[in-house]
Amino acid sequence: MATRINPRFSEELKKYGAINMNACYNCGTCTAVCSLSTTDDSFPREMVRLSVLGLEDDIKTSLKPWECYYCGECTTNCPQTANPGELMMSLRRWLTAKYDWTGLSGLLYKSMSLTLFAMLLVFAGVLYFANSVNFNLEQMLHTGHIFEMVAIGTIMFVIFVPNLLRMWNFTVLKAGVKAPFKTYVTALSDLFVHMFTQKRSKDCDEDDSFRWLEHFILVLSYLSLLFTTVFLNWFGTGSILIIIFGYIVSFLIFVVTVDFVSSRMKKKKSLNKFSQPSDWFFVIWLLLMGITAFMVRLFIDLNILESNKWMYILHLTVLAQWALIIVPFGKWTHFLYRSFAMYFSKVKSMALE
Amino acid sequence: MKERIGVYICHCGGNISDYVDVEKVRQAVQDDEGVVLAKTTVFACSDSNQTDMVNDIKEHNLDGVIVSSCSPKLHLTTFRDVTERGELNKYTYVHANIREQVSWAHSDDKIGATEKAIHVVKAAIAKSRYAKPLYPNQFEAEKTIAVIGAGIAGLKAAISLSDKNSNVVLIEKENRVGGHTATWGSLFMTDERGSELIDRIYSDLSQRENVFILTGSEVISSKGSIGNFTLKIRKKPQIAGDPVETMEINVGSIVVATGFEHYSPEEGEFAFAQNEAVITLPNFKQLVDESSGKVLEYNGKKIKNIAYVYCVGSRQTEGENKYCSRYCCTSVIHTAIETKKKFKGIQNIHLNRGIRTYGKQELLYAESLQMGDLYLQFNDDTPPEIRNEGKKTVVTVKDILSAGRELEMEVDLVVLVTGMVPRKDQSIGKMLKLPKGRDKFYNEVHMKLRPVETVIDGITIAGTCQGPKNISESVNSALSAATKSFSYVSKGTLETEPIVAEVDHEVCSWCGKCAEACPFDAIEKQEVNGKEVAVINTSVCKGCGMCTPVCPVDAIDLIGYTSEEMKSMIEVLA
């Protein structure tokens, strides 16, 4: 059966950040220089071709966009400046939107004004809440803590679980892979290794160990801060160990994200050249999370938070925007999708064996 | 009779000496009658041996020279020139081929090869004894030049000739000049309109006093040869009812620039003439050029998605047109870009067999890619299929760039990118006896070294009558052909090879057999001294020798290959 092409798909993909991919004349240099591409599993040219022709179903069933760690070699060597690296990035954004059953991811990726509006709405909500408890610090801290726990649970079960099931459906079931349950269990180790270490990116030719280390520290620090604030109640605890640990991890988040933001501003590497709003929001809000959490705890320790409640309201705003917009519908999801892609890919290859 | 002959026997590196014992050959011929010098040489054609030969001729006072080496096709002229440098008449030189005809042919039999080589050289010596000095024929040449066809090539050839102060007669069958170019809108690379380009050239040309433009005119017969052609021309009446005018002109050379025709697809070829949405490139170009408004319409239907099927009528695997038409890739990409710029919502889909936008034209391909045109590539054995789904047209193709996957698309228009074919009317070629290549376009003598000359002396070819070309290539060849034609006649006198047939009028009594055998129409019946005899037109005769064996009374001889010379060779071989 012939597959119908959709030449207008490239216009849609451009809204997700794709640049100039139509210039591709199929020389395959990108695939040749890519150190992650193999004979059996080759990209990015194939993904460029599918995108140019608008074969959406094929893209949706493909895990390849997640197999790329954007070293930028393809873009640097492309004779047509068709920017395959940024195309792979855009496909990851597009896929994120496709996996999301609410459809909100797509709307927010494509519209900057809608994102800003949502951010302002959350800010207004925080102010409304603070006002409703008469700016009582105790109550605000307490509700803030509860909010974090509720948000994590809700997002996990309402958004992430269904979205991951959708991803599984697209990339494994619809791709016609039949794997026994045992395979899923055996492959699980891959899921966690990739989730926490980005192991595969070490195979890139342009191996940037420093960046890998930064990313590794950021992942661990972020997860630690999440754990410290939610489960160890950092803002309420009296344990000196927990307090110091919280200071360290929030500081580390701040340091790494400052470097990330500045490299996006300097645009020296190709992966930093074409930042989309979703990229900016992600790193900046992570930075703000680190700094505001650090400051709130500092204000508590200096005993000046009571007279500077705005600091906590600021932190709560950043937190709420992060938890309600960026985590469920923004770039945060790459943490899950990328590692699950590695997992599904392992399952697929095991099933084929 | 030559009495002081020098013989050189070449090793040709080892090409000859590996199979022929050249020293034995030398010894076998060194004492032949008239031979005063016999040498072997590793490479007879080398500069050092050529210098030695010139010195030998003077030192030993030679009156005949023979080189036994490769085919005369390769080095006959080389050694004729050496002979001339030694101040001998170059036609006294005799060549013996002991490579293609001996060493290569008998590499399995060294003794036999050596024996044959000895015979071949001895035969050459026998011929050499009778070889006479010959001198080129000279005659006066008409300086006017005819250009047949007033397309872009013919027009530019006429201007170029006019610039050289040559009188030009420009003959065009149609009632207007400009050929295909005049019918085209925007042209690729320059974005000028074809009609404007022609207007500009024509207004320049029509002001020139040495150019005579005959439109609505056909050449109906041609007589004569280089330097003196007589063309009979029929001019269609300008007003109906007027008598047909015929005239004769004398010209020294002819530039043929009769152009091409667009390939016309067969009914059903890619659904042509069956599906309304299928049109050819020339028709599409006209449609785009003549349409206005925001949306392109064809047959009252709005056009958005357009599929271009490349190489229709060119590079055929089954049909006759094996060649690439060179201009179509660039032309269709240019038109696709124009269409996208001019109308709203156009999506171009190019179904090609590899894009050949060579040279600067590559910029158009790049532009089209940047504009979002889609390129799918198919193999010649799986051409795109066009079918109807209700009122919709669907094109299916196996895309090489997608690992041969079968893809389909719904389109509003299918443009068949048709190439160039030779003119159906081949009367000019037949009349002037121009040879055609396998592609049925007129053929040049040598693709690289004599690219605008034909084997008919005095006739050059320009533009697309020779094969597919774009405008710049046509103009290039036109300027080249004009210069070549001019160079034939510019001196006012012409020289031709002296090796031609010669009739002994004492013996000849005109039977016409020689004229029948002549492939070049070089023999005519004429009255000489009150007697009908065969007369050779020495400017047309090529010296092929077809006439000599058919003469029942042995009245014809070929100068340079006389019966006397040939018989002496046969005697030696027998």
Side-chain angles (χ1 to χ4, degrees), chain A residues 1-16 18-32 37-59 61-62 64 75 78-84 86-87 90 175-176, chain B residues 303-308 329 333 336-337 340 344-357 362-378 382 384-387 389 392-413:
Chain A
M1 243 325 262
T3 320
R4 191 154 289 201
I5 64 167
N6 173 18
R8 320 251 163 192
F9 177 67
S10 56
E11 283 158 34
E12 168 79 357
L13 210 50
K14 277 178 186 153
K15 294 178 190 155
Y16 288 88
I19 305 161
N20 214 21
M21 65 188 193
N22 289 91
C24 169
Y25 56 27
N26 293 287
C27 65
T29 302
C30 48
T31 302
S37 172
T38 61
T39 321
D40 297 331
D41 200 17
S42 86
F43 59 87
R45 192 202 76 95
E46 187 191 278
M47 296 315 295
V48 178
R49 191 69 188 153
L50 293 176
S51 307
V52 167
L53 295 173
L55 303 178
E56 290 184 48
D57 286 342
D58 290 73
I59 301 171
T61 52
S62 178
K64 289 178 184 180
T75 294
C78 176
Q80 282 291 88
T81 60
N83 218 321
E86 195 55 28
L87 174 84
S90 316
Chain B
I303 305 297
K304 298 227 155 152
N305 291 351
I306 307 169
Y308 303 92
C329 278
I333 290 174
I337 293 172
K340 198 160 182 173
K344 264 177 101 176
I346 298 288
Q347 175 65 54
N348 295 313
I349 306 168
H350 303 259
L351 310 178
N352 65 85
R353 283 174 58 194
I355 298 296
R356 296 184 172 183
T357 46
E362 185 77 358
L363 295 176
L364 283 172
Y365 177 38
E367 187 183 348
S368 129
L369 283 167
Q370 301 282 359
M371 284 176 80
D373 278 13
L374 220 54
Y375 285 83
L376 284 81
Q377 197 173 327
F378 61 91
T382 49
E385 278 167 26
I386 295 152
R387 66 170 199 274
E389 268 182 19
K392 290 167 183 167
T393 301
V394 176
V395 183
T396 315
V397 67
K398 279 188 177 146
D399 180 27
I400 301 177
L401 302 174
S402 303
R405 190 160 160 190
E406 195 169 53
L407 300 172
E408 64 172 32
M409 60 219 75
E410 192 188 314
V411 296
D412 307 309
L413 196 66

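Between chain A and the residues B:D373, B:I355, B:T396, B:L376, the largest count of heavy-atom pairs under 4.5 Å involves B:L376. The candidate from A:A2, A:C24, A:G28 with the greatest count of non-hydrogen atom pairs under 4.5 Å with chain B is A:A2. Contact count against chain B (heavy-atom pairs under 4.5 Å) is highest for A:R45 among A:R45, A:M21, A:E46. With respect to chain A, the highest number of heavy-atom pairs below 4.5 Å among B:L374, B:N305, B:I349, B:L369 belongs to B:L369. With chain A as partner, the option from B:E410, B:R405, B:M371, B:Q377 having the largest number of non-hydrogen pairs under 4.5 angstrom is B:R405. Top candidate by heavy-atom pairs under 4.5 Å with chain A, chosen from B:E408, B:E406, B:M409, is B:E408.
Neither the backbone nor the side chain of A:S10 comes within contact range of chain B; no heavy atom of the residue lies under 4.5 Å from a heavy atom of that chain. For chain B, the nearby parts of A:Q80 are the backbone and the side chain; heavy atoms of each come within less than 4.5 Å. Interface residue A:R4: backbone and side-chain heavy atoms are both found under 4.5 Å from chain B. Heavy atoms of B:V394 lying under 4.5 Å from chain A belong exclusively to its side chain.
Looking at every heavy atom in both residues, A:F9 comes nearest to A:S51 through CD2-O, 3.4 Å. B:H350 and B:S368 get closest at one heavy-atom pair: NE2-OG, 4.2 Å. The two residues B:V395 and B:L351 have their closest heavy-atom pair at CG1-CD1, 3.6 Å.
Atom CD of B:Q370 has more than 12 heavy atoms from other residues, nucleotides or ligands within 6.0 Å.
Between the side chains of B:Y375 and B:N352, no donor-acceptor pair of N or O atoms lies under 3.5 Å.
Formation of a donor-acceptor pair under 3.5 Å by the A:N83 side chain with backbone atoms of A:I19 is not found in this model.
Put simply, CG on A:L13 and CD on A:E56 are 9.0 Å apart, with the number rounded to the nearest 0.5 Å.
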